[in-house]
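Computed from a prediction, not measured in an experiment: that's the story for all the values here.
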Amino acid sequence: VMQQIQDEVAVEGFYQPVVDLTIAPRGIRLPLSYALIFDIAINHGRFNHLIPKTEEVLGVPGKSRLGDNGVSEVQFTTTLATVRRDNLYALAEKLKLPGLRNRGDFWVGIVGAGDWSLQGDAGGAVHFNGKTIQVKNP
């Protein structure tokens with residue numbers, strides 16, 4: 001019962017608002033983009049500054065539809081992962097919390113690997129912080 005309630009809170013309180021506020025208006029479709037944006041919302045809030053900062057870096061209007069604005073979803077997500085990593089590195093320095101860097105590195109690594117469907121490596125695994133997590137056949 002507790003797991004069911006936690007799932008409902010996550011969907012109603014975070015996931016669906018993130019889809020409605022951030023994902024749907026931009027026409028985002030890739031699983032990796034969804035996961036990164038959801039993770040950002042959980043850690044930095046639904047109304048965080050990282051999405052608008054990414055649009056500013058790319059020179060596109062806020063909440064503009066990807067593709068129509070001249071930027072692909074891959075370009076947007078790659079830039080977003082980098083903007084977030086840089087933000088986490090700055091926070092790590094400011095707050096003396098070096099572990100924050102790991103989260104930024106994780107997302108930049110997955111983007112760099114081109115794992116857009118979140119299927120992991122050839123064996124279906126994602127490697128993070130010295131751990132291997134099976135994602136294809138959990």
Side-chain angles (χ1 to χ4, degrees):
V1 172
M2 184 62 173
Q3 183 65 53
Q4 180 183 354
I5 292 169
Q6 287 175 328
D7 290 347
E8 288 174 14
V9 167
V11 169
E12 294 172 15
F14 287 95
Y15 183 76
Q16 195 57 53
V18 168
V19 169
D20 295 342
L21 294 169
T22 303
I23 292 172
R26 292 170 179 84
I28 291 170
R29 299 177 194 270
L30 296 169
L32 175 53
S33 302
Y34 265 71
L36 174 58
I37 292 168
F38 184 67
D39 189 60
I40 288 170
I42 293 290
N43 292 157
H44 303 278
R46 290 182 290 188
F47 303 103
N48 65 79
H49 72 285
L50 299 171
I51 305 289
K53 174 69 174 173
T54 298
E55 290 168 329
E56 180 184 314
V57 167
L58 291 168
V60 299
K63 289 195 178 187
S64 58
R65 202 150 183 85
L66 298 173
D68 294 347
N69 65 8
V71 171
S72 73
E73 184 173 344
V74 169
Q75 290 171 302
F76 176 83
T77 303
T78 300
T79 303
L80 177 59
T82 301
V83 166
R84 185 180 190 206
R85 183 205 53 208
D86 295 349
N87 177 260
L88 287 171
Y89 271 47
L91 283 172
E93 181 69 28
K94 178 181 177 182
L95 301 174
K96 306 294 186 236
L97 296 171
L100 290 175
R101 291 182 184 98
N102 295 340
R103 192 175 212 104
D105 291 340
F106 170 76
W107 289 105
V108 168
I110 288 183
V111 167
D115 190 7
W116 298 103
S117 295
L118 291 179
Q119 295 298 303
D121 62 17
V126 172
H127 308 279
F128 175 65
N129 211 20
K131 297 178 183 169
T132 298
I133 302 158
Q134 183 56 240
V135 294
K136 195 178 265 182
N137 299 306

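- Pairs passing the ring-ring contact (aromatic ring centres under 6.0 Å, His included) check and including a residue from residues 1-22, sequence neighbours excluded, read Y15-F38.
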Margin query: Go through it in stages, so that I can follow the logic: the residues are T77 and T54, the test is side chain to side chain contact (heavy atoms under 4.5 Å, CB included), and I'd like the CA-CA distance, side-chain angles, deciding distance and then a yes or no.
Written below: CA-CA 9 Å; T77 303; T54 298; over 6 Å; no
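- Grouping the Ile, Leu, Val, Met, Phe, Trp and Tyr side chains by contacts below 4.5 angstrom, directly or via other members, places I40 with F128.
- The main-chain N or O of L30 is found under 3.5 Å from a side-chain atom of E73 such that the two form a donor-acceptor pair.
- When all heavy atoms of G104 and L88 are compared, the pair lying nearest together is N-CD1, 3.4 Å.
- Annotation: salt bridge (Lys or Arg N to Asp or Glu O under 4.0 Å) contacts of R101 (sequence neighbours excluded): E93.
- At a threshold of 4.5 Å between side-chain heavy atoms, the hydrophobic network of Ile, Leu, Val, Met, Phe, Trp and Tyr places L91 and L80 in two separate groups.
- Judged by distance alone, the side chain of T82 and the main-chain N or O of T78 form a donor-acceptor pair under 3.5 Å.
- Heavy atoms only, all atoms of each residue included: A92 and L100 are closest at N-CD1, 3.8 Å.
- Side-chain atoms of Q119 come within 3.5 Å of backbone atoms of S117 as a donor-acceptor pair (strictly under, hydrogens ignored).
- Applying the ring-ring contact (aromatic ring centres under 6.0 Å, His included) rule to pairs touching residues 60-79 yields nothing, sequence neighbours excluded.
- The closest side-chain heavy-atom distance from H44 to N87 is below 4.5 Å.
- Note on L36 and V108: separate hydrophobic clusters, where clusters join Ile, Leu, Val, Met, Phe, Trp and Tyr whose side-chain heavy atoms are under 4.5 Å apart, directly or indirectly.
- L50 and N48 make their closest contact through N-OD1, 2.9 Å (heavy atoms, listed as atom of the first residue, atom of the second, distance).
- A distance of 6.0 Å separates CD1 of I51 from CZ of R26, quoted to the nearest 0.5 Å.
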Margin query: The test is side chain to side chain contact (heavy atoms under 4.5 Å, CB included); show your working for D39 and R103 and say whether it passes.
Written below: CA-CA 10 Å; D39 189 60; R103 192 175 212 104; 2.6 Å; yes
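- Residue pairs satisfying the salt bridge (Lys or Arg N to Asp or Glu O under 4.0 Å) criterion with at least one member in residues 4-24, sequence neighbours excluded, are absent.
- With hydrophobic clusters built from ILVMFWY side chains whose heavy atoms lie under 4.5 angstrom apart, I28 does not share a cluster with V11.
- Between the D86 side chain and the V83 main chain, no donor and acceptor come within less than 3.5 Å of each other.
- Remark: R85 pairs with no residue by the salt bridge (Lys or Arg N to Asp or Glu O under 4.0 Å) rule, at least two apart or across chains.
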Checklist line | Step-by-step side chain to side chain contact (heavy atoms under 4.5 Å, CB included) determination, I110 to L32 | finding: CA-CA 8 Å; I110 288 183; L32 175 53; 3.4 Å; yes
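- Looking at D115, its side chain does come within 3.5 Å of a backbone N or O of G120 through a donor-acceptor pair.
- Across all non-hydrogen atoms, the minimal contact from V18 to A41 is CG2-CB, 3.3 Å.
- For the atom pair OG1 (T79) and CG (L58), the distance works out to 4.0 Å, reported to the nearest 0.5 Å.
- If you chain together ILVMFWY residues whose side-chain heavy atoms come under 4.5 Å of each other, F47 ends up grouped with L21.
- Within the 4.5 Å cutoff, the side chain of L66 has no heavy atoms near those of the V60 side chain.
- Listed here is the closest heavy atom pair of V19 and P25: O-CD, 3.9 Å.
- A donor-acceptor contact under 3.5 angstrom links the side chains of R84 and N43, judged on distance only.
- No hydrogens or angles considered: a donor-acceptor pair under 3.5 Å links the side chains of D105 and Y89.
- The hydrophobic cluster containing V135 also contains W107, counting ILVMFWY residues as joined when their side-chain heavy atoms lie under 4.5 angstrom apart, directly or transitively.
- Contact check for L118 versus Y34: no side-chain heavy atoms found under the 4.5 Å cut-off.
- Side chains of K131 and H127 form no contact here, defined as non-hydrogen atoms less than 4.5 Å apart.
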